[in-house]
There are 2 protein chains.
Amino acid sequence: MNDKRQDKVTITEVAKHAGVSTATAGRVLGGYGYSRQEIKDKVRQAAEELGYRPNLLARGLITGKTKTIGVVAGDIQSPFYASILRGVADVTRAAGFGILLTNSDEQIERELEAVQLLREKQVDGLIIAPSDLSGSKHLQAAVRDGCPVVLIDRAIKNLAADAVCVDNRAASRDCITRLTEAGHRRIGLIAELERWEGGDITDFLSAVEGSALDSSTLFPSWQRLYGYIDALRSAGLPIDPDLIGRVGVYSSEGARKETQRLLEWSERPTALFTADGLMSAAAMDVITSLDLQIPRDLSLICFDDLDWMSFIKPGIAAVVQPLTEMGEAAARLMLSRIAGDDSAPQYLALQPKFAARGSIAAPLSS
Amino acid sequence: MNDKRQDKVTITEVAKHAGVSTATAGRVLGGYGYSRQEIKDKVRQAAEELGYRPNLLARGLITGKTKTIGVVAGDIQSPFYASILRGVADVTRAAGFGILLTNSDEQIERELEAVQLLREKQVDGLIIAPSDLSGSKHLQAAVRDGCPVVLIDRAIKNLAADAVCVDNRAASRDCITRLTEAGHRRIGLIAELERWEGGDITDFLSAVEGSALDSSTLFPSWQRLYGYIDALRSAGLPIDPDLIGRVGVYSSEGARKETQRLLEWSERPTALFTADGLMSAAAMDVITSLDLQIPRDLSLICFDDLDWMSFIKPGIAAVVQPLTEMGEAAARLMLSRIAGDDSAPQYLALQPKFAARGSIAAPLSS
DNA sequence: TTGTATGCGTTATCAT
DNA sequence: ATGATAACGCATACAA
């Protein structure tokens with residue numbers, strides 16, 4: 001009852017027990033260096049008997065590798081990050097790596113703390129959904145120090161790091177085009193659209209007009225707005241800023257308010273496009289409480305496929321992001337960087353699938 | 001461009017730069033021991049200038065504490081574990097701890113590997129949703145070695161570890177009672193009910209009859225079945241084994257099949273109780289595809305509150321598990337164990353809330 | 001209050 | 001192929 005301390009079985013004890021040096025014991029147990037089969041057996045048996053367990057801290061201290069990668073997610077509670085993390089975990093686990101997880105809640109201060117902690121814990125690399133797409137001295141520092149960084153879901157302008165994203169602009173454009181082709185001329189958008197360094201929606205519209213905008217380093221919801229604009233322009237339709245529901249924060253309440261504004265409007269849109277899962281759930285809530293029939297009264301397409309979209313009333317058409325695949329791709333990139341690959345940073349833009357369902361119809365008036 | 005190695009700034013360099021010994025530098029940077037303000041400033045400035053970052057591996061190696069806790073979840077992709085993990089992460093982060101995450105997919109072999117890896121990485125404690133409630137030598141070993149273990153969602157018979165669970169039996173009994181009080185006499189159950197060491201459903205029914213069954217060390221779905229039986233017995237209703245949809249595995253497909261069996265039956269139940277989120281989604285899928293109206297054709301109560309249950313048709317009544325709170329409680333228990341609390345193991349049974357919604361009505365025939 | 005010396009458990013560098 | 005011994009970066013007992 002007194003020996004409930006740590007497992008004090010060290011490699012020295014095993015060596016003593018097996019009658020060899022610690023160096024030899026280390027070689028067979030650690031799987032480096034050479035040794036006779038006879039010795040191997042003896043050492044392994046001693047280790048077994050004593051219940052030896054390697055101390056990965058000590059190993060990491062000397063090798064400089066921890067076989068651990070740090071992950072900074074926005075909020076692991078959201079299906080979005082949960083799925084990505086699952087992909088990361090599967091690939092890293094298969095390679096014998098552990099993952100050290102933190103949530104940033106999309107706040108840069110939290111991200112800074114997280115990255116600092118992870119780096120102090122000597123992770124071999126950082127997979128991160130960055131909260132800020134401009135400054136990020138901490139990520140620059142990581143890259144400079146040789147700590148591999150893989151960005152997820154969004155890219156940073158001048159950072160020499162891999163990024164695994166989704167082609168938000170194209171996917172969004174595709175959705176809106178489906179709606180215009182169905183005959184819709186007034187299509188509402190509900191999107192987060194929190195911060196854009198260039199200003200407000202009007203500024204964004206002009207910037208897009210001037211086409212001097214790199215969509216790959218925008219936050220996803222802005223990329224989706226970009227695709228919305230693309231599609232309307234291709235269809236020769238005007239862009240009514242009042243149809244753009246800018247929620248401004250990532251909140252259900254805000255999304256509900258914006259949806260209400262659009263749908264209770266006398267000139268309400270005949271179709272709606274929601275730019276992410278949270279917005280979709282909030283919008284759906286408003287739609288059912290207003291007793292609007294989909295697709296008779298309103299066509300609907302959602303970005304992100306939530307489970308209820310397949311079994312609710314007529315089915316809700318959705319953009320299916322390859323989330324687990326994103327995580328897997330990010331992890332694979334990370335592993336190859338850790339393995340020494342120092343080729344140019346890769347920007348991976350995965351293509352989402354489209355789940356066509358019964359929520360799209362021609363507008364009533366037409 | 002050649003110095004892209006690790007951050008080789010060690011405490012020795014800082015000490016040299018500040019003109020003090022490594023011990024002194026360590027004292028001010030590590031925040032232990034005493035030192036003059038003048039020295040402190042000098043050391044801190046040197047650290048700042050050199051961009052010093054403590055190596056937590058080295059610290060952990062000597063202190064025996066890593067300020068990291070290992071978490072073994074079933075599947076982080078499920079909302080259930082994602083929410084719990086969020087709670088764990090919040091509490092541990094506030095205390096300066098990191099979390100090392102693994103998925104077991106509820107497989108004991110995976111769990112074994114995970115626990116081994118985590119312990120080799122010298123985590124200060126283990127928060128785990130155990131895949132096996134009987135043997136678990138690995139957890140016994142952890143406890144014996146003084147590595148705190150906190151169980152989550154289910155408890156293990158003879159393990160001296162804390163456990164944070166939910167009172168599944170009571171919550172389930174409460175749901176079924178609501179249905180019987182609404183006039184239902186034939187209530188279907190859709191549940192995983194994978195393994196029970198005592199045998200099959202019939203054996204379970206006899207065991208419950210004999211009341212020689214400790215419900216706290218059953219898997220949740222069996223506890224929920226227990227509550228189902230409790231409620232029917234209290235109401236003086238017979239228990240028809242054919243109404244118990246034992247899916248046997250944790251799969252949507254299986255759940256759909258069982259739901260279909262129940263609902264396409266000539267003597268189909270007038271009410272349904274689904275025992276977890278996956279079962280609920282699958283059941284809902286079948287219900288809509290059979291075009292059954294809730295609550296006219298069927299009353300429904302679900303264990304676990306998914307987002308669509310609040311905005312779908314009439315609203316689906318649900319048991320709301322305090323998931324984040326479970327994670328927080330588990331983390332708090334863990335922190336106090338790590339801090340040295342060696343009082344008797346605690347079994348925490350949190351009470352879920354009930355979200356009353358429009359999915360309950362009197363049966364048509366009555 | 002500060003410095004010296006030693007050790008944490010492992011891998012790495014030499015000899016042999 | 002094996003063994004002594006020196007690192008790794010930090011904390012800590014003890015001396016000063």
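Being a predicted model, the structure only gives us computed values, none of them experimental. Heavy-atom basis, side chains included; hydrogens, waters and symmetry copies ignored. Just so it is clear: chains get the letters A, B, ... in the order the sequence lines come, proteins before strands, and each one is counted from 1.
Under the 3.5 Å distance criterion, with hydrogens and angles disregarded, no donor-acceptor pair is assigned to the side chains of B/Asp41 and B/Gln45. Side-chain contact of A/Ser131 with A/Gln107: a donor-acceptor pair under 3.5 Å is absent, judged by distance alone. Under the 3.5 Å distance criterion, with hydrogens and angles disregarded, a donor-acceptor pair is assigned to the side chains of B/Ser83 and A/Gln77.
Straight-line distance from the CG atom of A/Leu61 to the P atom of C/dG9: 12 Å, rounded to whole Å. A straight line from NZ of B/Lys65 to C1' of D/dG9 spans 20 Å, rounded to a whole angstrom. Between the CD atom of B/Glu120 and the P atom of C/dG9 there is a distance of 15 Å, rounded to whole Å.
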Protein within reach of the bases, or only the backbone? For nucleotides 10-16 of chain C, mark each nucleotide 5' to 3' as B, S or -, using heavy atoms under 4.0 Å. BBB----
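The shortest distance between the side-chain N/O atoms of A/Lys8 and the OP1/OP2 oxygens of C/dC8 is not below 4.0 Å. Between C/dG3 and B/Ser21, a contact under 4.0 Å exists linking OP1 or OP2 to a side-chain N or O.
For the contact set between residues 33-40 of chain A and DNA chain D, defined by any heavy atom under 4.0 Å, the members are A/Tyr34, A/Ser35, A/Arg36, A/Ile39.
A pairwise comparison of heavy atoms in A/Val115 and A/His138 identifies CG2-CD2, 3.8 Å as the closest pair.
Here B/Asp124 does not pair with B/Lys67 in a salt bridge; the nearest charged N to carboxylate O distance is not below 4.0 Å.
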After noting the C-alpha distance and the side-chain angles of B/Val88 and B/Glu328, does the key distance pass the side chain to side chain contact (heavy atoms under 4.5 Å, CB included) rule? CA-CA 5 Å; B/Val88 172; B/Glu328 291 170 349; over 6 Å; no
Show your reasoning for whether side chain to side chain contact (heavy atoms under 4.5 Å, CB included) applies to B/Ile76 and B/Leu101. CA-CA 9 Å; B/Ile76 192 52; B/Leu101 174 74; 4.1 Å; yes
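Put simply, the side chain of B/Thr68 reaches to within 4.5 Å of the side chain of A/Leu100, judged on heavy atoms.
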